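Just so it is clear: chains get the letters A, B, ... in the order the sequence lines come, proteins before strands, and each one is counted from 1. Owing to the predicted nature of the structure, the values given are computational and were not obtained by experimental measurement.
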Number of protein chains: 2
Amino acid sequence: MAKRHSNYTRGTGCPVEAALEIIGAKWKGGVIYHLLDGELRFMELQRRMPTVTQRILSKALRELEADGVILRTVYPTVPPQVGYRLTPDGEALREPVLGLRAWGARRTAAACAMAAE
Amino acid sequence: MAKRHSNYTRGTGCPVEAALEIIGAKWKGGVIYHLLDGELRFMELQRRMPTVTQRILSKALRELEADGVILRTVYPTVPPQVGYRLTPDGEALREPVLGLRAWGARRTAAACAMAAE
DNA sequence: CAGTATCCCGTGTGATACTG
DNA sequence: CAGTATCACACGGGATACTG
């Protein structure tokens with residue numbers, strides 16, 4: 001993913017690349033997918049993606065927020081709670097992401113059938 | 001993108017991640033997108049994506065081929081010609097990729113409007 | 001034309017530990 | 001609970017030159 005927003009958003013590359021700059025990072029797709037269900041807390045996301053570390057998840061969330069894809073809401077309670085939800089712009093990724101998921105699922109199924117445990 | 005096919009295709013991650021493992025690399029989305037138009041030669045792809053180096057493009061193509069997304073055809077002519085086209089499996093990415101493209105295009109347009117050259 | 005061979009570097013990812 | 005700090009590293013990406 002390289003440079004992030006350098007000039008990929010400008011004329012150079014195809015928009016596909018621009019989109020992948022944002023959601024292509026290892027865990028971002030998963031984050032967006034899970035947030036399609038609605039607002040989730042930090043730990044909820046971690047539970048759904050057990051193998052991602054806090055640092056990486058945090059980083060991904062901050063980047064997605066900076067990119068206007070998700071919204072971070074802090075509830076001033078104790079202990080602190082933070083909710084993450086998709087912005088309308090992020091919601092617009094629903095179809096493509098579900099499409100990718102379906103595609104990935106078919107391949108996974110095929111691969112698993114062959115590997116057969 | 002990390003490890004490539006280690007065990008992401010197994011139960012661990014969501015299929016979204018599995019899909020991004022394959023098309024998430026910097027230029028792969030672009031390659032697939034351009035191949036939606038039909039078979040293209042190596043140099044055709046390079047012309048459409050002027051900033052990618054031969055090595056990287058070659059690498060991307062080999063990986064996509066290994067993943068069963070594209071098909072490589074060698075025409076025994078002189079000078080040699082090689083065509084790349086999507087497999088049916090790759091064709092199945094059409095909708096998601098076009099969706100991502102549309103999404104990326106909207107953001108690019110918005111960003112450019114703000115940056116205003 | 002369609003690649004491969006080297007070499008190098010940035011950064012994305014990760015493990016671990018600590019904090020408001 | 002929801003993070004940040006620090007350290008380390010492999011790997012993807014890139015520049016350049018060479019080849020069947």
Side-chain angles (χ1 to χ4, degrees), chain A residues 1-8 12-13 17 20-31 34-35 39-67 70-85, chain B residues 1-8 12-13 17 20-31 34-35 39-67 70-85:
Chain A
M1 303 307 115
K3 310 257 166 56
R4 312 247 74 242
H5 295 162
S6 51
N7 54 2
Y8 294 119
T12 317
E17 195 189 324
L20 288 175
E21 274 288 316
I22 294 172
I23 71 158
K26 188 166 180 186
W27 302 101
K28 291 188 182 174
V31 169
H34 288 301
L35 289 183
E39 180 165 310
L40 291 177
R41 305 220 313 275
F42 189 87
M43 219 201 135
E44 290 286 328
L45 283 166
Q46 241 195 324
R47 288 195 45 220
R48 293 184 181 221
M49 299 158 55
T51 55
V52 66
T53 64
Q54 285 183 317
R55 187 179 104 83
I56 298 301
L57 178 57
S58 173
K59 192 161 173 282
L61 289 169
R62 276 186 282 110
E63 289 174 0
L64 288 172
E65 186 191 8
D67 283 327
I70 66 175
L71 202 64
R72 194 179 104 114
T73 315
V74 181
Y75 301 102
T77 62
V78 40
Q81 287 196 192
V82 179
Y84 293 94
R85 52 187 297 201
Chain B
M1 303 307 120
K3 310 255 167 55
R4 317 245 72 239
H5 295 161
S6 50
N7 54 2
Y8 294 119
T12 315
E17 196 189 324
L20 288 176
E21 275 289 315
I22 294 172
I23 70 157
K26 189 165 180 187
W27 302 100
K28 290 187 183 173
V31 168
H34 288 301
L35 289 182
E39 180 165 309
L40 290 176
R41 304 219 314 275
F42 189 86
M43 218 200 138
E44 291 285 327
L45 283 167
Q46 242 196 322
R47 288 194 46 220
R48 292 183 182 225
M49 299 159 57
T51 54
V52 66
T53 64
Q54 285 183 319
R55 188 180 102 83
I56 298 303
L57 179 55
S58 174
K59 192 160 173 284
L61 289 169
R62 276 187 281 110
E63 289 174 1
L64 288 172
E65 186 190 8
D67 284 327
I70 66 174
L71 203 64
R72 195 179 104 116
T73 315
V74 181
Y75 302 102
T77 61
V78 42
Q81 288 195 191
V82 180
Y84 293 93
R85 52 186 299 199

Are [X] and [Y] side-chain neighbours, meaning at least one heavy-atom pair lies under 4.5 Å?
X     : Y     : result
A/L61 : A/F42 : yes
A/V31 : A/M49 : yes
B/L20 : A/K28 : no

Value rounded to 0.5 Å, distance of CD in A/E63 from CD in A/E21: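 Rounded to the nearest 0.5 Å, the CD-CD separation comes to 10.5 Å.
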Do any side-chain nitrogens or oxygens of [X] fall under 4.0 Å of OP1 or OP2 in [N]?
X     : N      : value
A/Y84 : D/dG3  : yes
B/W27 : D/dG12 : no
B/S58 : C/dG3  : no

Return the value, rounded to whole Å, for the distance between atom [atom1] of [X] and atom [atom2] of [N].
X     : N      : atom1 : atom2 : value
A/K26 : D/dG12 : NZ    : C1'   : 13 Å
A/I56 : D/dT4  : CD1   : P     : 12 Å
B/L61 : D/dG12 : CG    : P     : 16 Å
A/M49 : D/dA2  : CE    : P     : 15 Å
B/E44 : C/dA2  : CD    : P     : 8 Å
A/R62 : D/dA5  : CZ    : C1'   : 11 Å
A/L45 : D/dA2  : CG    : C1'   : 12 Å
B/L20 : D/dG12 : CG    : P     : 15 Å

Can you sort out which residues in residues 70-79 of chain B have a heavy atom within less than 4.0 Å of DNA chain D? Ascending by number, please. none
With sequence neighbours excluded, what pairs up with [X] under the side chain to side chain contact (heavy atoms under 4.5 Å, CB included) test?
X     : value
B/V78 : none
B/L40 : B/H34, B/L35, B/E44, B/L45, B/R48
B/R62 : B/S58, B/K59

Side chain of A/A25 (C-beta onward), nearest among D/dA2, C/dC1, C/dT13: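 Nucleotide nearest to A/A25's side chain: C/dT13.
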Please report the closest heavy-atom contact between [X] and [Y], naming both atoms and the distance.
X     : Y     : answer
B/Q46 : B/T53 : NE2-C, 4.4 Å
B/L64 : B/I22 : CD2-O, 3.9 Å
B/E39 : B/G83 : OE2-CA, 3.6 Å

Watson-Crick or G-U stems involving DNA chain C, each at least 3 pairs long, distances under 3.5 Å, ordered by first number: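 The stems that DNA chain C takes part in, listed by first number, are C:1-20 with D:1-20.
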For nucleotides 16-20 of chain C, tabulate all protein N/O to nucleotide N/O atom pairs closer than 3.5 Å, reporting atom names and distance.
none

